[in-house]
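Let me begin by presenting the structure, written as structure tokens, before commenting on it.
This structure is a prediction, so every number in the text was calculated from the model and none was measured. What's counted below: heavy atoms across the whole structure, side chains too, no hydrogens, waters or symmetry copies.
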Amino acid sequence: MFEARFENGYGLIRFGGGRGPVFHVREIAGLGPPKKEFNVTGYAGQPGQELISEKDLARVITLSGDIIATHMQSEAARMVKILYHPGRLTILSGHRKRSILCRCTDFDDLERRGKDISRAVIQLTCDNPYFTDDAAQKVDLFQRKDLIKTTFTLPCAFSSRVNRLTVINSGDVKAEPVFTVYNSGSASAAAESYGIEIENSTTGQSLLVERSTQPGEVITIDIPGRRVTSSAAGDITASISQDTFLSDFWLAEGANDIEAVNYNAGEDISVVMQYNNKYIEAVY
């Protein structure tokens with residue numbers, strides 16, 4: 001089974017081959033690995049060339065097929081309104097479901113093929129060429145774990161702190177996470193040590209936010225967005241340490257040993273990490 005769905009706040013367009021979708025796909029291109037750009041150099045008297053750098057280019061997805069609708073004019077107008085705005089394209093192929101953000105960059109004039117049939121070609125451009133799962137992965141990295149059971153024998157521990165986990169990046173390329181720090185406790189006494197550090201022992205990377213948190217405050221460490229924000233103080237990117245570079249923190253493919261450390265033990269905080277597995281294709 002194959003079906004594609006383009007959706008945003010203005011509506012949904014379904015592309016497929018069954019009875020449901022109005023747009024019956026004859027051909028779709030652009031779902032394989034992204035095209036690459038290579039920067040190379042050569043030297044006089046030496047054969048071949050030397051690769052300096054490479055990068056994956058933006059993805060272009062083209063859908064061609066037939067629009068089948070009794071009220072063709074109104075259906076075409078509905079599709080044009082939806083495609084005028086950026087949206088998310090979701091590909092359902094077999095048991096896979098992968099999504100990508102995109103915008104329509106070309107929608108050819110409809111070519112009439114019958115009373116209720118028109119031929120159409122739609123081109124979608126994806127600035128970020130990678131597909132993701134339908135929903136982001138979510139991990140509770142730093143939390144208080146309740147150890148109280150129905151029956152217990154003293155002495156015993158009533159809670160523990162979970163702050164180190166193995167996180168699996170199942171994608172084909174590295175992923176950039178977003179960390180959300182919640183302070184859910186009461187005001188704590190001033191402490192000589194403060195700050196929140198997150199370390200990826202697998203890659204050797206770490207980031208440190210040199211700041212105490214207030215009761216009820218939420219701090220978002222947005223690696224893809226390259227900034228740190230606070231619900232109480234706004235943009236606090238300047239509070240990261242001098243040797244912290246947000247662009248240098250990522251999850252490698254496979255297992256990652258992630259640890260969160262709160263240097264102010266008097267703060268009652270939790271840390272949630274979200275990330276997207278990134279895939280280079282949606283059909284294989």
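Residues Leu12 and Leu92 fall into different hydrophobic clusters, defined by Ile, Leu, Val, Met, Phe, Trp and Tyr side chains chained together at heavy-atom separations under 4.5 Å. Connection of Leu246 to Met273 is established within a shared hydrophobic cluster, with ILVMFWY side chains joined at heavy-atom distances below 4.5 Å, either directly or through further cluster members. By the rule that hydrophobic residues join a cluster once side-chain heavy atoms approach within less than 4.5 Å of another member, Leu89 and Val60 end up as members of separate clusters.
The minimum heavy-atom distance linking Ser212 with Tyr194 is given by the pair OG-CB, 3.2 Å. In this structure, Ser118 and Arg112 approach most closely via the heavy-atom pair OG-CD, 3.6 Å. The minimum heavy-atom distance between Asn169 and Ala175, with the atom names listed, is ND2-N, 3.6 Å. Pairing each heavy atom of Val228 with each of Asp235, the nearest pair is O-OD1, 3.3 Å.
Taking CD of Glu50 as the reference point, atom OG1 of Thr41 lies at 7.0 Å (rounded to 0.5 Å). Rounding to the nearest 0.5 Å places CG of Asn8 at 11.5 Å from CZ of Arg88. Remark: Thr132 OG1 to Gln137 CD distance equals 9.5 Å, nearest 0.5 Å. To the nearest 0.5 angstrom, Gln274 atom CD is 10.5 Å from Asp222 atom CG.
Of the possible donor and acceptor atoms, one in the side chain of Asn200 sits under 3.5 Å from a partner among the backbone N and O of Thr202. In this structure, the side chain of Glu281 engages the main chain of Val283 through a donor-acceptor pair within 3.5 Å. Not a single donor-acceptor pair under 3.5 Å links the side chain of Asp134 to the backbone N or O of Lys97. Remark: the backbone N or O of Trp250 is paired with a side-chain donor or acceptor of Gln205 at under 3.5 angstrom. The closest donor-acceptor contact from the side chain of Asn276 to the backbone of Lys278 lies at 3.5 Å or more, if one exists at all. A donor-acceptor pair under 3.5 Å is formed between the side chain of Ser230 and the backbone N or O of Ala232. Formation of a donor-acceptor pair under 3.5 Å by the Asn163 side chain with backbone atoms of Ala260 is found in this model. With hydrogens and angles disregarded, no donor-acceptor distance shorter than 3.5 Å links the side chain of Arg59 to the backbone of Leu124. A donor-acceptor pair under 3.5 Å is absent between the side-chain atoms of Asp108 and the main chain of Val121, judged by distance alone. The backbone N or O of Gly254 lies less than 3.5 Å from a partner atom in the side chain of Asn256, making a donor-acceptor pair.
Using a 4.5 Å heavy-atom threshold, the side chains of Ile122 and Cys104 count as touching. For the pair Gln242/Thr244, no side-chain contact is recorded, criterion being any heavy-atom separation below 4.5 Å from C-beta on.
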Side-chain donor-acceptor pairs of residues 64-72 under 3.5 Å, sequence neighbours excluded:
from: Ser64; atom 1: OG; to: Glu27; atom 2: O; distance (Å): 3.4
from: Asp66; atom 1: OD1; to: Arg119; atom 2: NE; distance (Å): 2.5
from: Asp66; atom 1: OD2; to: Arg26; atom 2: NE; distance (Å): 2.8
from: Asp66; atom 1: OD2; to: Arg26; atom 2: NH2; distance (Å): 2.9

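There is a side-chain donor-acceptor pair under 3.5 Å between Tyr130 and Asp56. Side-chain contact, Asp243 with Ser241: a donor N or O sits under 3.5 Å from an acceptor N or O. Looking only at atom types and distance, the side chain of Thr90 has a donor-acceptor partner in the side chain of Ser99 under 3.5 Å away.
Scanning for ring pair (Phe, Tyr, Trp, His ring centres under 6.0 Å) contacts around Tyr10 gives His85, with sequence neighbours left out. For Tyr182, there are no ring pair (Phe, Tyr, Trp, His ring centres under 6.0 Å) partners, not counting sequence neighbours.
At a threshold of 4.0 Å, the pair Lys174-Glu176 does not count as salt-bridged, since none of the basic side-chain nitrogens sits closer than that to a carboxylate oxygen.
Aromatic rings of Phe249 and Phe179 (six-membered ring for Trp) have centroids within the 6.0 Å cut-off, being under it.
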